[in-house]
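See structure below.
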Amino acid sequence: MIRPGDGLRLALRAMTAHRLRSFLTLLEIAVGIAAVILLTSIGEGIHRFVLAEFTQFGTNVISVAPGKVKTSGPAPTGIPTSVRPLTLEDAHALGRLPHITGMTATVWGNTEINANGRLRRTTVNGVSAEMLKVFSIRVSSGQFLPAEDADHARAFIVLGAKLKEELFGTGNPLGARVRVGGLTFRVIGILEAKGQFLGIDLDDAAYIPTARALELYNRDGLMKIDMSYEEGMPAADVSALVKATLTARHGREDFTITTQEDMLQTLSNILDVLTMAVGALGSISLLVGGVGIVTIMTIAVSERTGEIGLLVALGAPRRTILSLFLGEAVVLSALGGLFGLLLGVGIAQLLHLLLPALPVHTPLSFIVLAENIAIAIGLLAGVLPARRAARLNAVDALRAE
């Protein structure tokens with residue numbers, strides 16, 4: 001019976017006897033593993049980046065939009081349907097619910113802003129005073145919109161950091177008058193820079209009271225209501241409370257509730273599939289490596305027929321012959337896998353250094369899984385040649401030699 005250590009030495013000796021052939025096969029496995037690691041690292045990096053973008057405003061947020069998006073069946077034909085708009089009264093009723101820590105009623109549109117002799121078209125959002133609390137946003141100078149009744153909302157405006165630079169440069173805009181559409185507002189605050197969110201520049205926007213935005217855009221209803229709730233409170237419980245309150249006020253469920261938790265879960269599932277898809281594309285290279293192992297092991301069996309016949313003649317069990325050739329295939333693929341891991345992680349980190357904007361992340365679980373896949377490919381690719389070697393007849397093998 002051959003000891004495991006001796007079997008490993010025999011496998012390494014067989015590989016070094018044909019260095020170039022073994023190296024090329026090892027390289028095929030390494031390139032496949034490197035491709036898988038590189039693509040999955042980029043996919044996982046994008047996954048984490050997108051989730052971080054969504055969670056920068058907090059994860060305990062729930063939104064209500066007018067109209068029922070999900071339906072249980074076709075709408076009846078010939079019967080006109082109407083959706084009751086969300087009103088400021090609805091928003092205030094939701095803001096008073098238990099466990100709600102902040103509420104903002106939102107209306108938005110694209111409008112020209114004229115200030116300091118400059119004209120710029122940008123997004124103007126009608127929001128409530130608690131928007132900062134709901135979305136974890138801070139003011140860099142001045143103050144945010146005060147909490148006032150809708151009927152007495154003063155014409156105040158708060159500018160995003162980029163919009164302030166475009167209109168006033170390095171000057172102080174606080175107290176300045178700006179023309180928004182057909183209305184005049186006074187600047188009372190500047191928000192801290194937040195950067196871009198999925199391609200949307202959050203700093204190139206202005207914020208006015210919701211009631212003033214309804215007047216500006218000539219709307220009779222809100223576009224959505226956003227609320228933040230207590231940490232640790234189940235989103236489903238808050239959603240049920242909001243649903244019951246609005247259904248009682250409207251007489252039917254003519255609105256759609258979306259929780260940040262549900263959005264993140266759905267987004268995470270989509271990104272997981274994306275990561276798996278790019279990993280699968282990279283694994284095509286591993287198939288090439290598997291074919292290479294089958295080829296080299298088949299050639300090895302043909303070249304070492306005499307050696308196999310001698311081992312059988314000396315009484316070596318068939319399973320020992322099988323394990324020798326399987327061990328050689330596994331060692332070859334395992335070494336290729338380790339080389340591929342170093343190559344893949346190295347290229348991924350180099351890309352991150354050269355392109356800091358490209359998110360790259362390589363979890364330890366990916367590394368362990370990739371090496372296990374490499375070993376499994378070597379095991380599967382070596383089975384047929386190893387079985388062929390184990391089934392050789394000693395007399396025939398020695399005669400062939």
[X] and [Y]: which non-hydrogen atoms are nearest, and at how many Å?
{"X": "Val107", "Y": "Ala213", "result": "CB-CB, 4.2 Å"}
{"X": "Ser239", "Y": "Ile62", "result": "CA-CD1, 3.6 Å"}
{"X": "Ala206", "Y": "Ile113", "result": "CB-CD1, 3.9 Å"}
{"X": "Thr256", "Y": "Gly67", "result": "OG1-O, 2.6 Å"}
{"X": "Ile33", "Y": "Ala374", "result": "CD1-CB, 3.8 Å"}
{"X": "Ser128", "Y": "Thr210", "result": "N-OG1, 3.6 Å"}

Could you measure the distance from the [atom1] atom of [X] to the [atom2] atom of [Y]? Nearest 0.5 Å is fine.
{"X": "Arg154", "Y": "Leu145", "atom1": "CZ", "atom2": "CG", "value": "10.5 Å"}
{"X": "Leu159", "Y": "Asp204", "atom1": "CG", "atom2": "CG", "value": "10.5 Å"}
{"X": "Thr245", "Y": "Leu94", "atom1": "OG1", "atom2": "CG", "value": "6.0 Å"}
{"X": "Asn110", "Y": "Thr122", "atom1": "CG", "atom2": "OG1", "value": "6.5 Å"}
{"X": "Thr247", "Y": "Glu253", "atom1": "OG1", "atom2": "CD", "value": "5.0 Å"}
{"X": "His352", "Y": "Leu350", "atom1": "NE2", "atom2": "CG", "value": "11.5 Å"}

> Would one find more than 12 heavy atoms of other residues, nucleotides or ligands at under 6.0 Å from atom CZ of Arg138?
Replying inline: no
Review point. What do you reckon, is CG of Asn218 surrounded by more than 12 foreign heavy atoms closer than 6.0 Å?
Key: no
Do the side chains of [Y] and [X] get nearer than 4.5 Å, heavy atoms only?
{"X": "Ile225", "Y": "Met103", "answer": "yes"}
{"X": "Val238", "Y": "Ile100", "answer": "yes"}
{"X": "Leu97", "Y": "Tyr229", "answer": "no"}
{"X": "Leu88", "Y": "Leu222", "answer": "yes"}
{"X": "Ile137", "Y": "Met131", "answer": "yes"}
{"X": "Thr104", "Y": "Glu130", "answer": "no"}
{"X": "His250", "Y": "Leu86", "answer": "yes"}
{"X": "Phe339", "Y": "Ile29", "answer": "no"}

query = Would Tyr207 and Leu163 satisfy side-chain contact (heavy atoms from CB on, under 4.5 Å), going step by step from the backbone distance to the final call?
reply = CA-CA 11 Å; Tyr207 303 85; Leu163 181 60; over 6 Å; no
key: Side chains of Thr101 and Ser228, donor plus acceptor under 3.5 Å   = yes
Only one of Leu167, Thr184, Leu119, Val178 passes side-chain contact (heavy atoms from CB on, under 4.5 Å) with Asn114, and that residue is Leu119
Using a strict threshold of under 4.0 Å (side-chain N to carboxylate O), is an ion pair present between Glu166 and Arg118?
no
